[in-house]
Peer 1: 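Pasting a structure here, questions to come.
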Amino acid sequence: MYILRRNCLARIRLALTLFDGPVYTSGLRCLEYPGSKIKRFPVSDAQVDWSQSVQGYDPVNYTHPTVANKPTWADPEIGTFSPQFNTVDGAVDRRSFEGSYKVEDGKPLNPHGRTGLTGRGLLGRWGPNHAADPIVTRWKVDAKGEKIHHPVSKKPILQFVSIKRKDCGEWAIPGGMVDPGEQVSLTLQREFSEEALNSLAVPPSEREKILARISQLFKSAGFQVFKGYVDDPRNTDNAWMETVAVNFHDENGNSVSELPLQAGDDAGQVQWVDVDSSFPLYASHSHLLEMVAKERKAHW
């Protein structure tokens, strides 16, 4: 279901020569944790499930300094507080789209099994870290406004708003974390306006125009592309990403398409990109775009 990041392949091949047995590489589990030099403990396919007893499983316990420094968006360390897992804990929703997850020694266990690393890594919350990914699309058109069809598939070409992430330099769908108590619909709109339109940096009068334009598009129900666990390179045994991805389509090209794109703080660049299987994207975002293309009967 998920696609292996190309820049992990060399490390995976090296692990295969050092570890007796197949290394678990489902999706995006690089051997080196992103943003660090920390190595994951090798895990074979047969050892992933928590129901399997694994002798000698001794992963590094790692929490990135930005999380350990106790920012407002992160949980404290287990032991200094007692989170209520599998429920809405105050304003923080600690429920998983996967259903009830196990808790062992006061810490939640990743519902998809061992990852080769404990702690929270780069993630702020113990357990599920909820995100929202707005996939904003339009048709690629010529000077006359006619849809452009791909020469091979003969299907119309979709374009989507893509940002280049500052943390890893990869192109991605703009998105971000759901704030405590925030409705996902508001997160989708907020993240798009901040990351792709840089709404926080424009004058108030311009900001009002931007928000009015995107509110019109985001008022539509949209197409829910995906809702669930994300095989993200930041995942650990005790913290993992889950997302709701929704496609908002500017069918006539007269909504968001007319707004000038401008990268926000978390994005190095932002632009309209053709939806195509050959375009490499961050994490499992290619899979999300493939589902959008199928829904819109567009080229992939």
Peer 1: Does the side chain of V225 come within less than 4.5 Å of L289's, by heavy atoms?
Peer 2: no
Peer 1: Taking all non-hydrogen atoms of both residues into account, name the closest pair between F85 and G106 and its distance.
Peer 2: CE1-O, 3.5 Å
Peer 1: Answer whether the closest heavy-atom distance between the side chains of N110 and N238 falls below 4.5 Å.
Peer 2: no
Peer 1: Consider only side-chain N and O atoms of D276 and S278, and report whether a donor and an acceptor are under 3.5 Å apart.
Peer 2: yes
Peer 1: For R296 and N247, does a side-chain donor sit closer than 3.5 Å to a side-chain acceptor?
Peer 2: yes
Peer 1: Between R190 and D179, does any NZ, NE, NH1 or NH2 come within less than 4.0 Å of an OD or OE carboxylate oxygen?
Peer 2: yes
Peer 1: When rounded to the nearest 0.5 angstrom, what distance separates CZ in F218 from CG in L211?
Peer 2: 11.0 Å
Peer 1: Among side-chain atoms of T118 and N61, is any donor-acceptor pair under 3.5 angstrom?
Peer 2: yes
Peer 1: Check the pair H130 / E242 against side chain to side chain contact (heavy atoms under 4.5 Å, CB included), numbers first and verdict last.
Peer 2: CA-CA 5 Å; H130 293 292; E242 300 191 9; 3.6 Å; yes
Peer 1: Looking only at side chains, do T243 and D133 share a donor and an acceptor under 3.5 Å apart?
Peer 2: yes
Peer 1: Donor-acceptor check, side chain of D250 to backbone of S257, threshold 3.5 angstrom: yes or no?
Peer 2: yes
Peer 1: Cluster question for you: counting only ILVMFWY and a side-chain heavy-atom cut-off of under 4.5 Å, with indirect links fine, are L122 and V178 together?
Peer 2: no
Peer 1: Side chains of V244 and F226: does their closest heavy-atom pair fall under 4.5 Å?
Peer 2: no
Peer 1: So how far is it from D142 CG to H149 NE2, rounded to the nearest 0.5 Å?
Peer 2: 10.5 Å
Peer 1: Are the side chain of S284 and the backbone N or O of D231 linked by a donor-acceptor pair below 3.5 Å?
Peer 2: no
Peer 1: Any chance you could measure E195, atom CD, to I173, atom CD1, to the nearest 0.5 Å?
Peer 2: 11.0 Å
Peer 1: Can a donor-acceptor pair be found, under 3.5 Å and without considering hydrogens, that links the side chain of T87 to the backbone of Q84?
Peer 2: no
Peer 1: Where the side chain of Y229 meets the backbone of S96, is there a donor-acceptor pair that is under 3.5 Å apart?
Peer 2: no
Peer 1: Can you name the closest pair of heavy atoms from Y57 and D237 and give their distance?
Peer 2: OH-OD2, 2.7 Å
Peer 1: Show your working on side-chain hydrogen bond (donor to acceptor under 3.5 Å, both in side chains) between S51 and D49 and close with a plain yes or no.
Peer 2: CA-CA 5 Å; S51 64; D49 197 280; 2.5 Å; yes
Peer 1: Given side chains that start at C-beta, do those of V184 and K227 come closer than 4.5 Å, heavy atoms only?
Peer 2: no
Peer 1: Evaluate the side-chain proximity of T137 to F223: yes if any heavy-atom separation is below 4.5 Å, no if none is.
Peer 2: no
Peer 1: Find out if a path of hydrophobic residues (ILVMFWY) with successive side-chain heavy-atom gaps under 4.5 Å connects L261 to I214.
Peer 2: yes
Peer 1: Kindly indicate, with the supporting measurements, whether the criterion ring pair (Phe, Tyr, Trp, His ring centres under 6.0 Å) is fulfilled by W126 and F81.
Peer 2: CA-CA 11 Å; W126 295 97; F81 86 131; 8.0 Å; no
Peer 1: Taking all non-hydrogen atoms of both residues, which atom of Y62 and which atom of L117 are closest, and how far apart?
Peer 2: CB-CD1, 4.1 Å
Peer 1: Please determine whether a side-chain nitrogen of the Lys or Arg among K107 and D105 lies less than 4.0 Å from a carboxylate oxygen of the Asp or Glu.
Peer 2: no
Peer 1: Are E77 and R120 close enough for a salt bridge, meaning some N to O gap below 4.0 Å?
Peer 2: yes
Peer 1: Is the side chain of H112 donor-acceptor paired with the backbone N or O of V48 at a distance under 3.5 Å, no angle test?
Peer 2: no
Peer 1: Working note: V43 + T115, criterion side chain to side chain contact (heavy atoms under 4.5 Å, CB included); need CA distance, chi angles, decisive distance, verdict.
Peer 2: CA-CA 7 Å; V43 181; T115 68; over 6 Å; no
Peer 1: So, the side chain of S162 versus the backbone of Q271: is there a donor-acceptor pair under 3.5 Å, distance only?
Peer 2: no
Peer 1: Does one hydrophobic cluster hold both V60 and V67, with members joined at side-chain heavy-atom distances below 4.5 Å?
Peer 2: no
Peer 1: So R125 and P180, do their side chains get closer than 4.5 Å, heavy atoms only?
Peer 2: yes
Peer 1: Is there side-chain contact between D274 and H299, with heavy atoms separated by less than 4.5 Å?
Peer 2: no
Peer 1: Locate the shortest heavy-atom distance separating P233 from P34; write the atom from each residue and the value.
Peer 2: O-CD, 3.4 Å
Peer 1: Could you tell me whether a side-chain N or O of D93 sits under 3.5 Å from a main-chain N or O of E182, the two making a donor and an acceptor?
Peer 2: no
Peer 1: Enter the distance from M241:CE to M177:CE here, rounded to the nearest 0.5 Å.
Peer 2: 4.0 Å
Peer 1: State, to 0.1 Å, how close S255 and R213 come at their nearest heavy-atom pair, and which atoms those are.
Peer 2: O-NH1, 3.1 Å
Peer 1: Taking C-beta and beyond as the side chain, do Q47 and Q52 meet within less than 4.5 Å on heavy atoms?
Peer 2: no
Peer 1: Looking only at the side chains, is there a donor atom on one of S277 and E290 sitting less than 3.5 Å from an acceptor on the other?
Peer 2: no
Peer 1: Assess whether a salt bridge exists between D167 and R165, defined as any Lys/Arg side-chain N lying under 4.0 Å from an Asp/Glu carboxylate O.
Peer 2: yes
Peer 1: If two hydrophobic side chains count as joined below 4.5 Å and joins carry through other members, does W300 share a cluster with F279?
Peer 2: yes
Peer 1: How many angstroms lie between atom CD of Q189 and atom NZ of K219, to the nearest 0.5 angstrom?
Peer 2: 9.5 Å
Peer 1: Say whether M291 and I135 are linked into one hydrophobic cluster, either directly or through other cluster members, by side-chain heavy-atom distances under 4.5 angstrom.
Peer 2: yes
Peer 1: As a quick check of understanding, evaluate side chain to side chain contact (heavy atoms under 4.5 Å, CB included) for R138 and F160, giving each step before the final call.
Peer 2: CA-CA 7 Å; R138 69 181 184 185; F160 77 105; over 6 Å; no
Peer 1: Provide the closest heavy-atom pair for D232 versus A283 in the form atom of the first, atom of the second, distance.
Peer 2: OD2-CB, 4.4 Å
Peer 1: At what distance, to the nearest 0.5 angstrom, does OH of Y101 lie from CH2 of W50?
Peer 2: 14.0 Å
